[in-house]
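Not measured: the values here are computed from a predicted model.
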Amino acid sequence: MSNLVVFNLRRWQPGDEASLVKYANNYDIWRNVRDVFPYPYTHADAQDWIHFCEKEKQPTVFAIEVAGEAVGGIGIVLGKDIYRCNAEIGYWLGQPFWGKGIMTQAVIEVTAYAFRQFPVQRIFAGIFDYNLPSMKVLQKAGYEREAILKKSLCKEQNLYDEHIYTTFRPKKPKTEPTSTS
């Protein structure tokens, strides 16, 4: 029997502010994400984020909804210029939902979505060297460790190695020629 919690991926929307603050305002989440992710996470931060997401014509970021409540987020950042064939995936999940299989499935779904909707060939994630659960999520979702960038991340005035995980657009199966005889 699986302990997977049923969840839905959807766009962020007005009304998500309270749950966004409830789950995002957590030091244990903030220490694993970029500094642009606010901490403490305020109601004004939640309003700004939802306003930003509402402007997207083609969504690249999604709320992770459990039982009608937004409990996390996942999305991609499309590369530009010479990186235009790349996208970076990032995610976070409210602590009460850790270890329930949600994030692995969400990564699988958003990865498939990105390959369907955008002309990217490679999707990657950069993970702090101490964030072993996130590395496991990516491995279970089919990503492979591509590199370790030594002391490339700075968080709280400390340097950490960054583990880069990648996956590539699936190759289209070759079709067999049909016989005309």
- Query: Do Glu146 and Arg122 pass the salt bridge (Lys or Arg N to Asp or Glu O under 4.0 Å) test, and can you show the C-alpha distance, the side-chain angles, and the key distance before you say yes or no?
  - Reply: CA-CA 12 Å; Glu146 181 177 73; Arg122 175 180 175 269; 2.6 Å; yes

- Message: Please tell me whether Trp30 and Phe37 form a close aromatic pair, meaning their ring centres lie under 6.0 Å apart.
- Response: no

Under a 3.5 Å cutoff, is there a donor and acceptor pairing between the side chains of [X] and [Y]?
X      : Y      : value
Asp16  : Ser19  : no
Tyr143 : Thr111 : yes
Ser152 : Tyr160 : no

Has the side chain of [X] got a donor or acceptor atom that lies under 3.5 Å from a matching backbone atom of [Y]?
X      : Y      : result
Glu56  : Thr60  : yes
Asp48  : Asp45  : no
Asn158 : Cys154 : no

Interatomic spacing from [atom1] in [X] to [atom2] in [Y] - rounded to 0.5 Å:
X      : Y      : atom1 : atom2 : value
Leu153 : Leu159 : CG    : CG    : 8.5 Å
Ile108 : Leu138 : CD1   : CG    : 10.5 Å
Gln121 : Ile123 : CD    : CD1   : 10.0 Å
Ile102 : Glu65  : CD1   : CD    : 11.5 Å
Ile74  : Leu93  : CD1   : CG    : 9.5 Å
Leu132 : Ile127 : CG    : CD1   : 10.5 Å

Do [X] and [Y] have side-chain heavy atoms sitting under 4.5 Å apart?
X      : Y      : answer
Phe115 : Pro170 : yes
Tyr39  : Tyr27  : yes
Ile50  : Glu17  : yes
Leu78  : Phe118 : yes
Ile64  : Leu9   : yes
Glu109 : Phe7   : yes
Tyr91  : Met103 : yes
Trp12  : Leu20  : yes

- Query: Are Arg31 and Tyr130 in a cation-pi setup, meaning NZ or CZ lies under 6.0 angstrom from the ring centre and within 45 degrees of the ring axis?
  - Reply: yes

Side chain to side chain donor-acceptor pair (under 3.5 Å) with [X]: which residues, sequence neighbours excluded?
X      : result
Tyr23  : Glu69
Asn25  : none
Tyr113 : Gln58

- Sorted by chain and residue number, the side-chain contact (heavy atoms from CB on, under 4.5 Å) partners of Lys150 (sequence neighbours excluded) come out as Ile148, Asp161

Mind listing the closest non-hydrogen atom pair of [X] and [Y] along with its distance?
X      : Y      : value
Thr167 : Gly142 : OG1-O, 3.9 Å
Glu54  : Arg11  : O-NH2, 4.3 Å
Asp81  : Arg84  : O-NH1, 2.7 Å
Gly94  : Ile29  : CA-CD1, 4.0 Å
Cys53  : Val61  : SG-CG2, 3.4 Å
Tyr41  : Ala46  : CE2-N, 3.6 Å

- Message: If the condition is salt bridge (Lys or Arg N to Asp or Glu O under 4.0 Å), which residues does Lys155 pass it with, not counting sequence neighbours?
- Response: Asp35

Same apolar cluster: [X] and [Y], side chain cutoff 4.5 Å:
X      : Y      : answer
Ile76  : Phe168 : no
Val110 : Trp98  : yes
Phe97  : Phe62  : yes

- Message: Apply the hydrophobic cluster definition, ILVMFWY joined by side-chain contacts under 4.5 Å directly or through others, and give me every member besides Ile164.
- Response: Phe124, Leu149

- Kindly indicate, with the supporting measurements, whether the criterion side chain to side chain contact (heavy atoms under 4.5 Å, CB included) is fulfilled by Tyr165 and His163. CA-CA 6 Å; Tyr165 281 79; His163 291 237; 3.8 Å; yes

